[in-house]
Number of protein chains: 2
Amino acid sequence: MSKSSLTLSPLQTAACCSPLQREPLSIEQAEQVAPLLKAMADPVRLRLVSLVASYAGGEACVCELTNAFDLSQPTISHHLKVLHETGLLDRSKRGVWVYYKVRTEALDSLAALIGGASA
Amino acid sequence: MSKSSLTLSPLQTAACCSPLQREPLSIEQAEQVAPLLKAMADPVRLRLVSLVASYAGGEACVCELTNAFDLSQPTISHHLKVLHETGLLDRSKRGVWVYYKVRTEALDSLAALIGGASA
DNA sequence: CCCGGACATTGATGTCTGTCAACATAGATA
DNA sequence: TATCTATGTTGACAGACATCAATGTCCGGG
């Protein structure tokens with residue numbers, strides 16, 4: 001388990017490169033960024049991210065999120081895990097509840113990479 | 001899947017909604033945007049997009065792109081098809097060659113949706 | 001100390017996807 | 001027309017993924 005290539009935060013991956021349209025991505029850069037986009041490339045996870053962001057303080061507990069979907073609790077838990085492992089959501093446990101929070105910097109870095117033609 | 005929901009251009013999908021972090025995506029919005037992200041959520045396609053953008057005039061012919069990868073020509077053709085069908089690349093045939101071009105507006109819309117910096 | 005609720009993990013399953021080899025098509029040229 | 005080259009299409013297959021039911025874990029209250 002080579003930690004070195006797996007412990008990259010989204011800021012290190014998405015923010016590593018100049019915008020897509022500015023200069024070609026290297027193979028390695030592309031392979032680092034792709035998982036981030038893959039994590040967002042799911043309707044449920046897209047809604048999860050936007051839902052979490054809409055809650056007070058940009059935080060939501062799993063129970064609230066689970067209720068917003070017509071999916072089983074393990075499925076939601078799985079999606080949240082994906083979003084957390086890619087660094088798009090932060091996780092904090094308070095008592096019995098687990099709260100997820102959007103990592104704004106991560107999303108901003110991704111956006112800058114994709115669209116930042118003028119940035 | 002009904003056809004009516006598949007004929008939406010990326011500008012109609014990504015540009016349809018306010019930024020992710022601003023207001024929760026509806027189920028339909030999420031299902032329209034996800035394919036766009038899915039199209040970009042592949043290392044090869046990411047590099048294809050950035051490569052195309054880097055060529056003169058933001059255009060590149062398939063032969064040039066194929067040479068840049070260690071993949072078969074049908075595979076590259078497949079990826080280009082995906083990117084074209086989602087509206088991320090424009091296609092134009094000139095003589096024997098086919099040129100692909102980045103649709104900047106599409107990428108910008110996506111970026112705006114994710115990062116919500118520029119509204 | 002046990003029980004119930006909140007969340008995660010596991011194992012199974014059906015579907016999607018990236019890839020290639022083989023074949024098809026279209027345009028230029030002799 | 002015959003042929004070569006550039007590109008797209010098809011069929012097949014292995015690996016990835018979304019989902020659920022069942023089970024496990026952690027914690028607070030009785």
Side-chain angles (χ1 to χ4, degrees), chain A residues 1 6 25 27 30-49 51-52 55 59-86 88-101, chain B residues 1 5-6 25 27 30-49 51-52 55 59-101:
Chain A
M1 40 188 109
L6 288 179
L25 259 58
I27 298 181
E31 285 176 346
Q32 285 172 3
V33 174
L36 269 181
L37 286 165
K38 193 168 285 185
M40 304 220 41
D42 180 278
V44 174
R45 290 199 287 262
L46 264 179
R47 284 187 66 217
L48 274 173
V49 170
L51 256 182
V52 167
Y55 272 78
E59 268 190 342
C61 89
V62 179
C63 57
E64 297 170 305
L65 298 172
T66 302
N67 288 334
F69 293 83
D70 203 21
L71 294 170
S72 69
Q73 173 266 322
T75 297
I76 299 297
S77 186
H78 162 68
H79 286 305
L80 289 171
K81 183 183 183 181
V82 171
L83 290 169
H84 175 244
E85 282 179 344
T86 52
L88 293 169
L89 292 185
D90 266 339
R91 209 183 98 107
S92 66
K93 195 166 186 174
R94 289 206 289 276
V96 189
W97 296 276
V98 173
Y99 289 81
Y100 284 91
K101 183 174 185 176
Chain B
M1 304 291 184
S5 63
L6 289 178
L25 260 56
I27 297 181
E31 285 175 347
Q32 287 170 2
V33 173
L36 269 180
L37 287 164
K38 193 168 287 186
M40 305 222 38
D42 180 277
V44 175
R45 291 198 288 264
L46 263 179
R47 282 186 67 216
L48 274 173
V49 170
L51 257 182
V52 168
Y55 272 79
E59 266 188 344
C61 91
V62 179
C63 57
E64 298 170 306
L65 298 172
T66 302
N67 288 335
F69 293 85
D70 202 22
L71 294 170
S72 69
Q73 173 267 321
T75 296
I76 299 297
S77 185
H78 161 68
H79 286 305
L80 289 170
K81 183 182 183 183
V82 170
L83 289 169
H84 176 244
E85 283 180 345
T86 51
L88 293 169
L89 291 184
D90 267 338
R91 209 184 99 106
S92 66
K93 196 167 187 175
R94 288 206 290 277
V96 188
W97 296 274
V98 173
Y99 290 81
Y100 285 90
K101 183 175 186 176

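Naming convention: chains lettered A, B, ... in sequence-line order (proteins, then strands); numbering from 1 in each chain. Just so you know, these numbers come straight off a predicted model, no measurement behind them.
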- Message: Using side-chain heavy atoms (C-beta onward) and a distance below 4.5 Å, is A/Ile27 in contact with A/Glu31?
- Response: yes
- Query: Which pair of heavy atoms, one from A/Val52 and one from A/Tyr100, lies closest together, and at what distance?
  - Reply: CG1-O, 3.2 Å
- Message: Under the rule for side chain to side chain donor-acceptor pair (under 3.5 Å), what residues qualify as partners of A/Glu59, not counting sequence neighbours?
- Response: A/Arg94
- Task: Treat primed atoms plus P, OP1 and OP2 as sugar-phosphate and everything else as base, then score nucleotides 24-30 of chain C 5' to 3': B for base contact with protein heavy atoms under 4.0 Å, S for sugar-phosphate contact only, - for none.
- Result: --SSS--
- Nearest-0.5 Å distance, CG of residue A/Leu89 to NZ of residue A/Lys81: 14.5 Å
- Sequence neighbours excluded, the answer for side chain to side chain donor-acceptor pair (under 3.5 Å) partners of B/His79 is B/Arg45
- Please answer whether the main-chain N or O of B/Val82 pairs with a side-chain N or O of B/Glu85 as donor and acceptor at a distance below 3.5 Å. no
- Minimum heavy-atom separation for A/Leu88 to A/Ala39, with atom names? CD1-CB, 3.9 Å
- Establish, with yes or no, whether the OP1 or OP2 oxygen of C/dA6 is under 4.0 angstrom from a side-chain nitrogen or oxygen of A/Tyr99. no
- Task: Would you check if A/Gln73 and A/Ser77 make a side-chain contact, meaning some heavy-atom pair closer than 4.5 Å?
- Result: yes
- Qualifying residues under side chain to side chain donor-acceptor pair (under 3.5 Å), relative to A/Thr75, sequence neighbours excluded: A/Ser72
Please list, for nucleotides 18-22 of chain C, all pairs of protein and nucleotide N/O atoms separated by less than 3.5 Å.
from   : atom 1 : to      : atom 2 : distance (Å)
C/dG18 : OP1    : B/Arg45 : NH2    : 2.8
C/dG18 : OP2    : B/Arg45 : NH1    : 3.4
C/dT19 : OP2    : B/His79 : NE2    : 2.3
C/dC20 : OP2    : B/Ser72 : N      : 2.9
C/dC20 : OP2    : B/Ser72 : OG     : 2.9
C/dC20 : OP2    : B/Thr75 : OG1    : 2.6

- Message: For chain B and DNA chain D, what are the first and last nucleotides along the strand, 5' to 3', with at least one atom under 4.0 angstrom from a heavy atom of the protein chain?
- Response: D/dA6 to D/dT9
- If you round to the nearest 0.5 Å, how far is CG of A/Leu71 from OG1 of A/Thr66? 9.5 Å
